[in-house]
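Below you'll find the structure, written out as structure tokens, and then a few comments.
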Amino acid sequence: MSKMIDELKRTHSCGELTAADVGKQVVLFGWVHSRRDHGKAVFIDLRDRMGITQVVFEPRFAEGAHTLAGDLRLEYVIGVRGTVESRGGNVNPKMKTGEIEVHVTDLEIFNKSEPLPFLIEDEINAEETTRLAYRYLDLRRPAMQRLLMTRSKINQLTRDYFSRNGFLELETPFLVKYTPGGARNFLVPCRVAPGKFYALAESPQLFKQLFMVAGFDRYFQLVRCFRDEDLRLDRQPEFTQIDVEMSFVTQDDIFAAMEGLVALLWKELLGVDIPLPLPRMEFDESMRRFGNDKPDLRFGLEHIDFTDVVKSHAGGGVPLFEATLAQGGIFKAIRVPKEYALSRKDLDELEKEAKGMGSMGLGRAKIGEAGAWSQTPFAKAISDDLRLAINAACGAQEGDLIVFQMGRPAMVHAVLANLRLTLGKKFGLIPPYGSGGQWRFLWVVNPPLFEFDEESKTWVAAHHAFTRPHDADLAFLDSDPGKVKCYRYDLVLNGFEIGGGSIRLHDPEVQKKVFQTLGIDEAEARQKFGFLLDALRFGAPPHGGIALGMDRVAMLLTGASSLRDIVAFPKTLRGTDLMTGAPGDVSDRQLKDLHVQTVKGA
RNA sequence: GGGGUGGUAGUUAAGUCGGUUAUAACGUCGGCCUGUCACGCCGAAGGGCGCGGGUUCGAGUCCCGUCCACCCCGCCA
């Protein structure tokens with residue numbers, strides 16, 4: 001048992017002693033961060049989550065402590081008592097506590113440590129696989145401690161902000177009824193109801209709307225959500241949302257509430273003033289200029305649509321162009337100005353990337369003298385008129401390169417949107433962190449309510465069936481569903497979707513029409529959303545809401561390069577936890593209790 | 001489901017046209033050192049190259065399969 005823990009109180013953290021404390025008797029607890037043993041003088045950097053303090057052992061301070069200090073190794077957990085002394089001429093300006101050191105009179109080793117799989121240093125020197133397998137050691141690294149402390153601060157500021165503004169923090173269930181559509185759910189077998197399953201909530205969506213019907217008016221929650229979809233750099237199977245719902249509000253009211261939070265977070269955590277209100281862009285415009293609904297506005301290389309140009313020249317004699325037009329395809333390009341040279345090898349790599357996304361290839365043309373094309377198989381077939389018209393449409397000058405895609409709109413957009421990002425990174429167009437102007441927030445607004453699903457040849461809800469259409473578009477519900485815009489909005493930051501929400505459809509009559517368009521009949525609607533439909537009939541207030549991806553916000557705020565870095569115990573891309581081994585096997589007995597059979601090897 | 005990158009001491013990496021005993025740094029172990037803070041100096045241990053096949057006189061290097069990790073597409077209302 002530890003004498004020092006029982007008898008002495010920790011007086012300071014390892015990050016706070018300064019010249020003003022010289023002469024004080026102090027007690028510090030922490031980990032041996034590094035050790036410099038000079039025989040008669042032993043220097044230890046002692047670390048806790050607040051910082052590092054140098055502690056010194058010499059026989060003249062205390063014989064016993066000095067002898068014991070010879071046994072210290074990295075990551076031993078120790079307690080020291082001693083006197084704060086000035087370092088005199090040996091000040092270390094790189095350390096916050098570099099003006100002082102502690103001359104130790106008492107040392108206790110609370111616990112030893114075996115040699116570590118990797119060093120506890122800020123500079124990442126271990127592969128993520130190793131770090132994740134020993135996450136508790138990885139989290140000791142000061143850089144990781146700062147990330148999680150920032151995360152904690154975000155939570156605290158968010159709670160303060162919403163509480164101050166009259167929001168109630170209310171909880172919703174995680175174990176919910178499975179409803180089809182949307183993200184794939186994790187299913188949880190229910191022991192007491194044989195053959196039945198709960199779903200883990202993919203979001204509190206329906207419940208927060210019911211809070212509005214119940215009259216709670218302003219709700220927020222920092223809530224865990226679960227989605228059984230494939231993972232990405234910015235996607236984990238469980239993640240945290242800052243979830244918000246408000247009654248008697250317009251879209252502008254919701255924007256104002258969220259902008260206040262964003263400005264507060266950026267001010268408090270980075271000292272950055274975010275100018276409000278945040279800019280807005282129509283969904284259509286975003287698709288046209290950037291090929292997706294989450295544009296990174298930190299650089300140009302915007303898309304240029306030259307479909308009409310090709311059309312008006314009837315394909316210009318290029319068979320592939322003519323075929324694309326016949327199939328209703330579109331043509332879009334990115335102009336690469338001549339100062340950003342791309343080698344043949346670069347272009348081959350880009351083409352490979354494009355093919356990986358379903359493209360046939362990467363169209364390209366180098367602009368030469370008098371608008372001539374080279375480095376392209378189209379150079380011979382294309383008519384002079386069309387070639388010059390495309391150059392003009394793209395604003396391409398001699399020495400520029402245009403890269404383009406043609407075909408199905410979804411493919412063209414996907415390929416060029418990614419190509420734009422790849423080129424932006426390659427050309428170093430993204431402003432470095434801390435340079436100013438690097439926080440490009442954007443509301444993307446007024447997307448279509450429906451999308452046409454090519455597979456089933458039906459209209460499906462682009463987001464969900466409870467989003468309020470624009471009143472002016474109601475007439476199109478029957479005649480031309482693709483034209484119906486809705487009060488749906490995404491908050492985008494630097495190419496990441498950090499939040500999304502909508503004004504909800506609270507009018508049962510319009511709701512009925514929406515279901516009709518979707519081909520959902522009364523019975524099906526009842527079965528899927530019965531309780532919500534009921535609720536909407538019993539005096540549902542006009543309401544709307546939004547959810548911010550808290551993890552993504554934290555990732556961007558801290559400059560972390562992956563969502564995994566700001567989640568304490570994350571999963572790999574295949575959904576496994578390398579430390580615990582989850583997901584794991586269970587016994588036949590457990591399965592039997594749950595009335596579950598598994599199909600092996602199928 | 002598809003496209004791509006990677007896997008070599010505890011860790012991070014090098015390893016050329018296939019060729020003796022597979023390198024280095026950090027860490028570890030032993031010794032020395034009173035002003036270090038990437039401490040220094042002397043010495044030592046530690047891997048057979050993700051796994052399984054194959055080609056070859058000979059494979060870390062070539063081929064096939066497979067596992068794991070990462071990045072992207074699909075997917076994520």
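By convention in this document, chain letters (A, B, ...) are assigned in the order of the sequence lines, proteins followed by strands, and residues within each chain are numbered from 1. Just the heavy atoms: all of them, side chains too, but no hydrogens, waters or symmetry mates, feed the values below.
Distance CD (A:E128) to P (B:C68): 17 Å, rounded to an integer number of Å. A:L231 has its CG atom 14 Å from the C1' atom of B:C72, to the nearest Å. Taking atom NE2 of A:H33 as the reference point, atom C1' of B:G27 lies 14 Å away to the nearest angstrom. To the nearest angstrom, P of B:C70 lies 13 Å from NZ of A:K571. The separation between A:R420 atom CZ and B:C72 atom P is 17 Å, rounded to whole Å. Rounding to whole angstrom units, CD of residue A:E229 and P of B:C73 are separated by 14 Å. For the pair A:L350 CG and B:C73 P, the computed distance is 15 Å after rounding to whole Å. Nucleotide B:G27 holds its C1' atom 14 Å from the CG atom of A:L137, rounded to whole Å.
Proximity of A:N418 to the phosphate of B:C73: a side-chain N or O atom is located under 4.0 Å from OP1 or OP2. For A:R36, no side-chain nitrogen or oxygen approaches OP1 or OP2 of B:U36 to under 4.0 Å. Neither OP1 nor OP2 of B:G40 sits under 4.0 Å from any side-chain N or O of A:R35. In this model, the phosphate group of B:U36 is not approached by any side-chain N or O of A:S34 to a distance below 4.0 Å at OP1 or OP2. The side chain of A:R184 contributes no N or O atom lying less than 4.0 Å from OP1 or OP2 of B:C75.
Rounded to the nearest Å, the gap between the P atom of B:G46 and that of B:G4 is 41 Å. Nucleotides B:G52 and B:A13 place their C1' atoms 27 Å apart, quoted to the nearest Å. The C1' atoms of B:A25 and B:A38 are separated by 12 Å, rounded to the nearest whole Å. B:G30 sits 24 Å from B:C37 when the C1' atoms are compared, rounded to a whole Å. Spacing between B:U16 and B:C63 at atom P, rounded to whole Å, works out to 14 Å. Comparing B:A9 with B:A22, their C1' atoms sit 11 Å apart, to the nearest whole Å. Across B:A24 and B:A14, the matching C1' atoms stand 7 Å from one another, rounded to whole Å. On the C1' atoms, B:U8 is 34 Å away from B:C32, given to the nearest whole Å.
A syn base is found at B:C17: its glycosidic angle is within 90° of 0. Annotated as anti: B:G58, whose O4'-C1'-N torsion sits more than 90° from 0.
The listed nucleotides are B:C70, B:C29, B:G35; the one nearest the side chain of A:R73 is B:C29. You'll find that the side chain of A:N92 is closest to B:C37, out of B:C70, B:C72, B:C37. With B:C75, B:C70, B:G35 as the choices, the nucleotide that has an atom nearest any side-chain atom of A:Q54 turns out to be B:G35. For A:D37, counting side-chain heavy atoms from C-beta on, the closest listed nucleotide (B:C33, B:C39, B:C73) is B:C33. Listed nucleotides: B:G1, B:G35, B:C76. Nearest to the side chain of A:D230: B:G1. Of the candidate nucleotides B:A69, B:C72, B:C39, B:C72 has the atom nearest to the side chain of A:R232. For A:H103, counting side-chain heavy atoms from C-beta on, the closest listed nucleotide (B:G35, B:A69, B:C73) is B:G35. Among the nucleotides B:A38, B:U28, B:C37, the one closest to any side-chain atom of A:P115 is B:U28.
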Ignoring hydrogens and angles, write down the donor-acceptor pairs under 3.5 Å from the side chains of residues 566-579 of chain A, residues two or more places apart or on other chains.
unit_1 : atom_1 : unit_2 : atom_2 : d
A:K571 : NZ     : A:E238 : OE2    : 3.4
A:T572 : OG1    : A:R574 : N      : 3.3
A:T572 : OG1    : A:T576 : N      : 3.4
A:T572 : OG1    : A:T576 : OG1    : 2.9
A:D577 : OD1    : A:M579 : N      : 2.8
A:D577 : OD1    : A:T580 : N      : 3.2
A:D577 : OD2    : A:T580 : OG1    : 3.2

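Residues A:F299 and A:F427 place their aromatic rings such that the two centres sit no closer than 6.0 Å. Aromatic pair A:F290/A:H303: ring centres not closer than 6.0 Å. When ring centroids are compared, A:Y178 and A:F197 stay outside the 6.0 Å threshold.
The aromatic ring of A:H38 stacks onto the base of B:C39, its centre lying under 5.5 Å from the centre of the six-membered base ring with the two planes under 30° apart.
Around CD of A:E229, the count of heavy atoms belonging to other residues, nucleotides or ligands within 6.0 Å exceeds 12. The environment of CG in A:D585 is sparse: at most 12 heavy-atom neighbours from other residues, nucleotides or ligands sit within 6.0 Å. With a 6.0 Å radius and a threshold of 12 heavy atoms from other residues, nucleotides or ligands, A:M95 has its CE atom above the threshold. The 12-atom threshold is not exceeded at CZ of A:R408, counting heavy atoms of other residues, nucleotides or ligands nearer than 6.0 Å. Around the CZ atom of A:R49, the shell of radius 6.0 Å holds no more than 12 heavy atoms that belong to other residues, nucleotides or ligands.
In this structure, the side-chain hydrogen bond (donor to acceptor under 3.5 Å, both in side chains) partners of A:Q209, at least two apart in sequence or on a different chain, are A:Q205, A:H543.
One distance of note links CG of A:D230 with CZ of A:R184; it measures 7.0 Å at 0.5 Å rounding.
The base of B:C75 is paired with the side chain of A:R235 by a donor and an acceptor separated by under 3.5 Å. With hydrogens and angles left out, the side chain of A:R87 and the base of B:C37 share a donor-acceptor pair within 3.5 Å. Under 3.5 Å, the side chain of A:E101 and the base of B:G35 form at least one donor-acceptor pair of N or O atoms.
Checking side-chain atoms of A:S34 against main-chain N and O of A:I44 turns up no donor-acceptor pair under 3.5 Å.
Contact annotation for A:T467: no contact, since no heavy-atom pair falls under 4.0 Å across all strands. Counting any heavy atom pair closer than 4.0 Å across all strands shown, A:A462 reaches sugar-phosphate atoms only and no base atom.
Nearer to the 5' terminus of RNA chain B, by closest-nucleotide assignment, is the contact made by A:K40 (compared with the other of A:K40 and A:Q205). Residue whose closest nucleotide on RNA chain B sits further toward the 5' end, between A:K355 and A:L233: A:K355.
Across the strands present, B:U5 finds its partner in B:A69; the criterion is a Watson-Crick or G-U wobble pair with both atom distances under 3.5 angstrom. Here B:U36 sits opposite no nucleotide as a Watson-Crick or G-U wobble pair (both hydrogen-bonding atom distances under 3.5 Å). Using the Watson-Crick or G-U wobble rule with both distances under 3.5 Å, B:C17 pairs with nothing in any strand shown. Nucleotide B:G43: paired with B:C29 (Watson-Crick or G-U wobble, both distances less than 3.5 Å). With a 3.5 Å ceiling on both atom-pair distances, B:C76 lacks any Watson-Crick or G-U wobble partner.
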Summarise how protein sits on nucleotides 4-11 of chain B as a single string, 5' to 3': B when a protein heavy atom is under 4.0 Å from the base, S for sugar-phosphate-only contact, - for no contact.
------SS
